[in-house]
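Data first, discussion second: the structure below is written as C-alpha cells.
Both counts, for ligands and for their atoms, begin at 1 and track the order of listing.
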Amino acid sequence: MHGGARLVGEVDVVGAKNSVLKLMAAALLAPGTTTITNCPQILDVPLMGDVLRGLGCQVDIDGDTCVIETPEELSHLADSAAMGKLRASVCVLGPLVGRLRKAKVALPGGDAIGQRPLDMHQSGLRKLGATAAIEHGCVVAEAEQLKGAQIWLDFPSVGATENILMAAVLAEGTTILDNAAREPEIVDLCTMLQQMGAKIEGAGTSTLTVHGVSSLQPTQHRVIGDRIVGATWAFAAVTTRGDITVRGVNPHHIELVLEKLRTAGAEITVEEESFRVVMPERPKAVDYVTLPFPGFATDLQPFAIALSAVSDGTAMITENVYEARFRFVEEMIRLGADARTDGHHAVVRGIERLSSAPTWASDIRAGAGLVLAGLCADGVTEVYDVFHIDRGYPGFVENLNRLGATVIRVPA
Ligand code: UD1
C-alpha cells in the first residue's frame, strides 16, 4: 500500500464473524432447516460449513445466506480437517452435548494470539453433569443426564459462555451462569436460541438464567453487523485523518471505542445502524485498556497501537486478555514506530510519519492493523501473509481502494 492517502467515503459492513460461526453451530440443536442471513463472505464461514457437514448436516452457502439442514441423527464426532483451521469450531461442543449427551471434538485452531485453554468450557459441562476431558487431541464429553446447575466462570470467556449456554438450553431444569460474557455476539446467539424455543433470561448481562427445554425448532436469523470490522473503519478514518461513514453496525456496540476516538479529536455522529467519523487534524494520544465487553475489545488493540504510533503524544496500551497480541508491536517497529512493551503494557510515543517496510501479518487484526499503519508510512509498505486478513474482512482491498487508498493485492 502507498502511504499518505486520506480515506474518505462510505463503507458497508456485513454480519459479524464472531457471531455467524456460533449461530451456525447453534443450528445443530434443532433438526430441520435453519437459515442464517447477512453472513460475511469470509473463509471461516465455508470452513464452519465443512465442520457441520462432518457431523451429518447439509450446508448451502449462497452469497450472504447460509442454509443448514440438520438431520435427526447427528454424529458426535467432530474431527474434520476444518476443525483445526478456526477457533469457533469448538462451539459445536455445547450443542452436541446438549442434543446427543456426548461429543468428541478435535481441538480448535484459530489465531495465535496467546494461550487459549478450554478449562472453563470443560468445567461448565462438568457442572451440568457431563464428564469432560482432553484425550488424544480431542475434547471428549459424555453425560447420562444433563441437569441445570449454578455455574461461575473465573473469567467472562466468550467461547465458554457459548458452549455452556448451548448445552444448558437442552438440560433438565435451570442453569444460572454467572460472570458470563456480555458481548453483543452472545446477545445475538441468545436471540436466535430464543427464536428456536429456548428459555433464556439476562442476555447482555453477566448472569444468564436458562430454563432447559426438551427440544428446539429451527429458525431464520439475521446476523448482527460486525462491530470489530466497523471499529476498524473508525480507526482507519482517524489514523489517516479521513472521513468515513460506516453502515451496517450498531454504534451502541462500540460506544467506548467511539468515545476514545472522540478524545483523540475525532468528530463522530451516530445513527441507528451507522456512524460517521471525521478527523480534521493530527490525532492526540489516548490510553487504552483491553477488557471483556463492554470494555475496549482486545481485537482492536492493534488499531489502537497503529493510531498511537502517529498521534501527538505518548499512549499506554494495556493488554489484559491475550498476552501474545503484543507481537504486533515488533512489526510496527519495522515501520519506524517508537514503541516498546513491558509485560501487559505497551508505551507508544507518536511520531509524525511512519516509514515503509516489509511486514508480516500474524493474525486477522494484526494484519489489518499493519495495513492501516502502512497507509501512514512514507513510500510503499508490503504486508505478507494476508490470508489472515481474509478470515475477517470481506473485500478489504476493494473497500480501501474505494475510500481512496492505493492498495494492490499481489497473488502469492
Ligand atoms: C473470542 C473471539 C476473539 C476475541 C476473544 C475475546 C471468536 C471466534 N473469537 O475468542 O476474536 O479476541 O473472544 O474477546 O469469537 N480462557 C481460559 N479458559 C477457557 C476459556 C478462555 O483461560 O476455558 C481465557 C483465554 O485464554 C483468554 C480469555 O479467557 O485469555 C478470553 O478468552 P475467550 O473470551 O474465551 O475468547 P474466545 O472465545 O476464544
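- Counting only heavy atoms of the protein, atom 18 (N) of ligand 1 lies nearest to D119 OD1, 2.7 Å.
- Residues R101 and E142 have side chains not in contact (no heavy-atom distance under 4.5 Å, counting atoms from C-beta outward).
- Using a 4.5 Å cut-off on side-chain heavy atoms (C-beta onward), T298 and R365 make no contact.
- By heavy-atom distance, the residue among P292, G159, P117 lying nearest atom 20 (C) of ligand 1 is P117.
- For K17, no nitrogen or oxygen atom sits less than 3.5 Å from a nitrogen or oxygen atom of ligand 1, counting backbone and side chain alike.
- Of the N or O atoms in R87, one or more lie within a sub-3.5 Å distance of an N or O in ligand 1.
- The proximity of M48 to ligand 1, defined as any non-hydrogen pair under 4.0 Å, does not occur for either the backbone or the side chain.
- Ligand 1 has a nitrogen or oxygen under 3.5 angstrom from a nitrogen or oxygen of M120.
- Between K284 and D312 there is no salt bridge, since no side-chain nitrogen of the basic residue lies less than 4.0 Å from a carboxylate oxygen of the acidic one.
- Proximity of I61 to C39: side-chain heavy atoms (C-beta onward) are nowhere separated by under 4.5 Å.
- Here the shortest heavy-atom distance to atom 3 (C) of ligand 1, taken over D299, I186, L300, belongs to D299.
- Under the 6.0 Å distance and 45° angle rule, K260 does not count as a cation-pi partner of F296.
- Between E162 and K22, at least one side-chain nitrogen of the basic residue sits less than 4.0 Å from a carboxylate oxygen of the acidic one, meeting the salt-bridge criterion.
- Heavy atoms only, all atoms of each residue included: V286 and S308 are closest at O-OG, 4.3 Å.
- Using a 4.0 Å heavy-atom cutoff, K22 is listed among the residues neighbouring ligand 1.
- Using a 4.0 Å cut-off between heavy atoms, V321 contacts ligand 1 through both its backbone and its side chain.
- For the pair R247 and F275, the cation-pi test (distance below 6.0 Å, angle within 45°) is failed.
- For atom 5 (C) of ligand 1, the closest non-hydrogen atom of the protein is Y322 CE1, 3.9 Å.
- For ligand 1, the polar-atom distance check against V158 finds a nitrogen or oxygen pair separated by under 3.5 Å.
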